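See below for the structure under consideration.
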Amino acid sequence: MASSAVEPKILTLLMVVQDGKVLLGYKKRGFGEGMWNGFGGKVEPGETPTEGALRELREEACIDATDATERGVVTFVYDDKPRPMQVHIFHASQFTGVPTETDEMRPAWFDLEAVPFDKMWPDDELWYPMFLAGKKFSGTFWFTNTTTIVRHELREVESLE
Ligand SMILES: Nc1nc2c([nH]c(=O)n2[C@H]2C[C@H](O)[C@@H](COP(=O)(O)OP(=O)(O)OP(=O)(O)O)O2)c(=O)[nH]1
């Protein structure tokens with residue numbers, strides 16, 4: 001079967017942006033361990049990406065976003081993994097609860113001028129400018145050895161449908 005026919009895994013990623021800062025979590029275990037990232041994970045059967053994004057935020061940071069909107073869909077293709085990952089990227093600015101450390105993530109606020117891109121997935125530096133500018137975007141990143149980008153396509157879109 002051609003690799004393009006392989007169904008991608010569907011995941012979510014949500015960043016809370018408030019008062020000139022973004023809430024990120026230090027990933028303590030699993031895929032992306034040791035890096036800062038938004039909150040998210042695999043969408044479960046029967047869930048929409050929005051429902052999955054809100055559940056993962058609650059599980060990983062103990063807060064509930066009240067105004068989450070989808071901003072991007074990005075696909076990651078790896079030469080050392082059988083399935084691509086399709087990540088639905090959400091923005092929120094309002095939430096209830098208090099960001100709290102969990103087994104998986106240690107949350108911290110970063111100034112938008114000091115996002116720690118050197119300790120994040122390398123694609124983030126490429127799409128964050130669109131994300132933070134309030135644009136919608138779509139793209140594909142091809143990785144070798146899980147972490148090195150060999151090629152990418154990224155564009156602003158009118159709609160994510
Ligand atoms: N910013 C960014 N996030 C990424 C990239 N690749 C990637 O998987 N992610 C995100 C998507 C998910 O939010 C998270 C990976 O999800 P996960 O493996 O922790 O999923 P999960 O919580 O369901 O996992 P688990 O409980 O089953 O271990 O990392 C990337 O290149 N950049």
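In each ligand, atom 1 is the first atom listed, and ligand 1 is the first ligand listed. Fair warning: this is a prediction, and the values are worked out from it, not measured in the lab.
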Point-to-point distance, once rounded to the nearest 0.5 Å, from [atom1] of [X] to [atom2] of [Y]:
| X | Y | atom1 | atom2 | result |
| --- | --- | --- | --- | --- |
| L14 | R71 | CG | CZ | 10.5 Å |
| W142 | I149 | CH2 | CD1 | 11.5 Å |
| D124 | I89 | CG | CD1 | 7.5 Å |
| F31 | W121 | CZ | CH2 | 3.5 Å |
| M85 | F76 | CE | CZ | 7.5 Å |

Is it the case that the side chain of Q86 and the backbone of I10 share a donor-acceptor pair, with hydrogens and angles ignored and the cut-off at 3.5 Å?
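Side chain of Q86 to backbone of I10, a donor-acceptor pair under 3.5 Å: no, none is there.
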
Distance from [atom] to nearest protein heavy atom, with residue and atom:
| atom | value |
| --- | --- |
| atom 32 (N) of ligand 1 | D124 OD1, 3.0 Å |
| atom 20 (O) of ligand 1 | G41 CA, 3.3 Å |
| atom 15 (C) of ligand 1 | L11 CD2, 3.8 Å |
| atom 30 (C) of ligand 1 | W121 CG, 3.2 Å |
| atom 8 (O) of ligand 1 | M85 CE, 2.9 Å |

Using a 4.0 Å cutoff against the non-hydrogen atoms of [X], which atoms of ligand 1 qualify?
| X | value |
| --- | --- |
| D123 | 30 (C), 31 (O), 32 (N) |
| E104 | 19 (O), 22 (O) |
| K27 | 17 (P), 19 (O) |
| G40 | 12 (C), 13 (O), 22 (O) |
| E60 | 22 (O) |
| T12 | 11 (C), 12 (C), 13 (O) |
| L13 | 1 (N), 2 (C), 3 (N), 13 (O) |
| N37 | 1 (N), 2 (C), 3 (N), 4 (C), 9 (N), 10 (C), 29 (O) |

Report the part of F76 in contact with ligand 1, treating N, CA, C, O as backbone and CB onward as side chain, heavy atoms under 4.0 Å; options are side chain, backbone, both, neither.
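Near ligand 1, F76 shows its side chain, while the N, CA, C and O stay back.
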
Any idea which part of W127 is under 4.0 Å from ligand 1, heavy-atom wise: side chain, backbone, both or neither?
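The answer is the side chain.
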
Among R55, E101, M105, which one satisfies side chain to side chain contact (heavy atoms under 4.5 Å, CB included) with E60?
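Checked R55, E101, M105 against E60; only one passes side chain to side chain contact (heavy atoms under 4.5 Å, CB included): M105.
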
Considering all heavy atoms, the nearest G38-L24 contact:
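Minimum heavy-atom separation between G38 and L24: N-CD2, 3.8 Å.
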
Say whether V43 and V74 are linked into one hydrophobic cluster, either directly or through other cluster members, by side-chain heavy-atom distances under 4.5 angstrom.
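No, no single cluster joins them.
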
Is E56 close enough to touch ligand 1? Criterion: a residue heavy atom under 4.0 Å from a ligand atom.
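Yes, that is the case, since the closest heavy atom of the residue is under 4.0 Å from the ligand.
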
Below 4.0 Å from ligand 1: does a non-hydrogen atom of Y128 turn up there or not?
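Distance cut 4.0 Å: Y128 fails for ligand 1.
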
Should the heavy atoms of other residues, nucleotides or ligands under 6.0 Å from NZ of K27 be counted, would the total exceed 12?
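More than 12 within 6.0 Å, yes.
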
More than 12 heavy atoms of other residues, nucleotides or ligands under 6.0 Å from NZ of K81: is that the case?
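For K81, atom NZ is crowded (more than 12 foreign heavy atoms under 6.0 Å).
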
Just to be sure I'm reading this right: ignoring hydrogens, which of M15, R29, K42 gets closest to atom 28 (O) of ligand 1? Compare them by their nearest heavy atoms.
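Among M15, R29, K42, the closest heavy atom to atom 28 (O) of ligand 1 comes from K42.
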
